[in-house]
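Below you'll find the structure, written out as C-alpha cells, and then a few comments.
In what follows, chains carry the letters A, B, and so on, assigned in the order in which the sequence lines appear, proteins first and then strands, with residues in each chain numbered from 1. Just so it is clear, the model here is predicted, and its values are computed rather than measured.
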2 protein chains.
Amino acid sequence: MVTIVDVAKHAGVAPSTVSYVLTGKRPISAQTSVRVRESIQSLGYHPHAGARALASSRTNVLALVLPLREGVQLPVVMRFVTSVVSTAREQDMDVLLMTAAQGADGLRRVAGGAGADGFLLMDVGLDDERVQVVRELDRPAVLIGHPAAAAGLTCVDLDFEAAGARCVEHLAGLGHRSIGFLGAPGVVYARNTGYAQRTLAGFSTAAMRRGVVSTALPAEPRYDSVHAVVRTLLRELPQMSALVVHNEAVLGWVVECLRAEGRRVPDDVTLMAICPDELAERMRLTCVRLPADVLGRCAVELLVAKLNGQKTPALTLLPPELSSRTGRAFPSGIPGKLIP
Amino acid sequence: MVTIVDVAKHAGVAPSTVSYVLTGKRPISAQTSVRVRESIQSLGYHPHAGARALASSRTNVLALVLPLREGVQLPVVMRFVTSVVSTAREQDMDVLLMTAAQGADGLRRVAGGAGADGFLLMDVGLDDERVQVVRELDRPAVLIGHPAAAAGLTCVDLDFEAAGARCVEHLAGLGHRSIGFLGAPGVVYARNTGYAQRTLAGFSTAAMRRGVVSTALPAEPRYDSVHAVVRTLLRELPQMSALVVHNEAVLGWVVECLRAEGRRVPDDVTLMAICPDELAERMRLTCVRLPADVLGRCAVELLVAKLNGQKTPALTLLPPELSSRTGRAFPSGIPGKLIP
DNA sequence: GTTCATATTCGAAGCGCTTCGATTCCCCTT
DNA sequence: AAGGGGAATCGAAGCGCTTCGAATATGAAC
C-alpha cells in the first residue's frame, strides 16, 4: 500500500506538507503543490479512509436511512437515492446505506463507532420514533419529511399542504366547482404519515376557501379498489368535473375506471396528479411535481452545512411547482422504469 | 468518546484483553469476558470503525454498486438491496452505496483508500466494462449477473436460460403447441444484457426441442407498444394459446391488450411470467420466480467467504422455481409497492 | 518445595493520517 | 547592517485499535 510517507519521500517534502496539499488547510506554494500532486498521481496514492477518520475525527461518510416498507414509492426513493449519492460525491463524501429496520441501535452503533459524520433520514412521519433517537445522538441529521414539531431539527420537505392547495387553485381557476380527491392507501393515513395528511388538509382547506365542493377518499393499490373509489366519488359528487390523484401506484387505472363509468378524460373530467414529473409526462397529465432529486440534493447540502458548523433552518419547505400539460391522457400506464 | 482504554480501566483489565473479548481471537476466561461485557454495556462503548480498520486492515464494509439506469426493475433492485443490507448486518458488516455512474475511478478510490473490504456489482452485462476493473483490483468482488467469460470471477445469477426453458416445459406439458414470448424493451437486448438474452435463448431452444411454434418480441414500457406487440404476436401465431412475459413493467397491460384483441385470460390464452413472486401473486399468475432476496443473501455470503480466504465457484446459478397459480387473472395491475 | 506445561492476561509497538507549535527562509523596514 | 514580519514547510505527538511476544498465574507432576 502507498502511504503518505511514500508520497512525501517521492516529492521530497514532509508528510504534513502532503496532507496540507490534500486538505488545503494551510497555504502551500504552487510549485510544491504541483510536485506533490505529480507524486500522488505517479504512485497512485489514495489516502486511507480509516487513518484519516482516526486522526481527524471526520469520516467523510454520511449515513442514509431508507424506509423500505409498505407504501413507499419506489421510483421516488430511487431518484432520491441517486441524487443523494451524486451530491455527496460532489462534496467528497461517501454514502453508508442503512434501513429503518436497523432501528435505533443501528443509529447508535454507527454514530458511536464513528461510522458516519451525519445522518439522512428519509420518509419521517408526524410522530416518528426516530426523531427522539436523532435528538439524543450527537451527530447532525437531516430529515426528509417532518414531524409535527420540527423545532431543534433540520427537515426538508415538499410543501405538501401548498401542493394540495395548488391543485384546487389551478382547477378552480379553470372554472371547476366540484373536485374529487383520490389519495394514498388507507394504511398510509393510518400510519400518521405527514405528507399524505398535509396534502389532504391543503386540498380541503383550499376547496373550502374557494367555495368548491369536494370529497376525498383513500385508494388501495388494486384495480377493484380504485374502481370502487371512483364510483363512490361520482356518487358523492354527481357534478364532479375534476379529480386530483395523490397516489402514483394507481394513477394509470384512474383513467380507465373513469372511462368505465362513462367519463372521458379530459372531456368530462379533468385529471391532475401530485407525482414525479416523468410519470405525469408519460401519462400526459398536468401535475404538481414531486421533486425527489431536488430534495436529495437539498438534504445533502444541508447536512454538509451542519457538519461545517453552520446554522440551518429547522424546516425547509420546497414550494410546489405546477407542470402543465394539455391534451389527451393515455389510457393507462404505471411505468416500471423511471430511472433514465 | 468512550475508548477501549476506558472499558479496560472500568473492567480492571488491559486494553488488549478487551479487544480479545470482542474479536474472540484469543481465549479469555468466562468471568473476565463477562466483566468486560458488563463494562462495555454500562459505558456504552462502540469500537471506533476507523481505528479498527487502521489497525486490522479490515473495514467490515462492503461496497454495493447499483446500476441505476434505464430498464432496471426497481422492485427487484430494492428487494435485492434490502436483502444485501440485512445479510451484511448478520455478518457484522455495513454497506457502502455506490452507483455505476461513479465508474472505475470510484472503485479504485474506495479499494485503494480502504473504504471497503469487497465489492458487490449488480446487473453485470455480457461484456461489462467493470469486469476488467474488478480483475485488476486487489479486493474480492461478487458479481450479480455474469459476463460471457466468468473464469476467475465469482458470479451469482438466476439460471435465466433454464427459466426460459422452464416456461416452455410447463406450457408444453399443459398441451400448448403455439407459444408467444413478450420480452424486455429493445434497448435491454441491444445493450447485450445477459439475463434477457439468456432467457430468450432458453425459451427458443426449448420450444424447438419440444416442437412448439413460437415467436418472441421486445416490448417498450408504453401501452401502445404492448398493444402493437400483442397484435403482431396474434398475427404471427394465429393459434397462440399461451404467452410468456419477461417484462415486469408491462405485465399489467398484457391482460388488457389480449382482451382488447378478443382473447380472454386464461380461457383463450394462458399467461405466465418471469417475475418476482409477489407481483405474480398480485396478478394471480403462474410464474418462474425472480428471487432477488435469495440472490442478495447468496452474494453477500459468497463475498464474506472470499474475504475469509475461502475458494468460491466462478458461477453460481440458482435453479428456476415455478410458482403455480390457477384461476382468473386481474384485469390489470402494476403494483407500485412491492416492499411489504 | 521445585519444576514445567498450560491457560490467561499484559504491554508496547505500530497502523496512516492530521495537527499544531516550531523552524526556516526571504524580503522589507529602519 | 541589524531587526522584524510573513509565508511556507517541517517534525513529532497522538487519534483508538489490533497484534504478538512476554509475563504471570494456576495446577500437575516429581
Determine: side-chain N/O of [X] to OP1/OP2 of [N], distance under 4.0 Å, yes or no.
| X | N | value |
| --- | --- | --- |
| A:Y45 | C:dC17 | yes |
| A:S16 | C:dC20 | no |
| B:S56 | D:dC17 | no |
| A:S29 | D:dA8 | no |
| A:S19 | C:dT18 | yes |
| A:K25 | C:dT18 | no |

Calculate the interatomic distance between [X] atom [atom1] and [N] atom [atom2]; express it in whole Å.
| X | N | atom1 | atom2 | answer |
| --- | --- | --- | --- | --- |
| A:Q31 | D:dA7 | CD | C1' | 13 Å |
| B:I4 | C:dC10 | CD1 | P | 12 Å |
| B:K9 | C:dT9 | NZ | P | 20 Å |
| B:I28 | D:dA25 | CD1 | P | 16 Å |
| B:Y20 | C:dA7 | OH | P | 17 Å |
| A:L54 | C:dC17 | CG | C1' | 8 Å |
| B:D6 | D:dC15 | CG | C1' | 13 Å |
| B:L22 | D:dC17 | CG | P | 9 Å |

Value rounded to 0.5 Å, distance of CG in B:D293 from SG in B:C298 |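 Interatomic distance, B:D293 CG to B:C298 SG, rounded to 0.5 Å: 11.5 Å.
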Would you say the side-chain atoms of B:D92 pair up with the backbone N or O of B:N60, donor to acceptor, closer than 3.5 Å?
->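 Between the backbone of B:N60 and the side chain of B:D92 there is no qualifying donor-acceptor contact (under 3.5 Å).
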Any sub-3.5 Å donor-acceptor pair from B:D117's side-chain atoms to B:R58's backbone N or O?
->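 Such a contact is absent between B:D117 side chain and B:R58 backbone.
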Minimum side-chain heavy-atom gap A:L62-A:Q91 below 4.5 Å |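 A:L62 does not reach A:Q91 side chain to side chain.
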Starting the side chain at C-beta, find the nucleotide from [options] nearest to [X].
| X | options | result |
| --- | --- | --- |
| B:V13 | C:dC10, D:dC10, C:dT9 | C:dC10 |
| A:R26 | D:dC17, C:dC17, D:dT9 | D:dT9 |
| A:R52 | C:dT9, C:dC17, D:dA8 | C:dC17 |

What pair of heavy atoms forms the shortest contact from B:V134 to B:A141, and how long is it?
->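 Shortest heavy-atom contact: CG1-CB, 3.6 Å.
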So what does B:S57 hit on the nucleic acid, given a heavy-atom distance under 4.0 Å: a base, only sugar-phosphate, or nothing?
->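 Nothing, no heavy atom under 4.0 Å.
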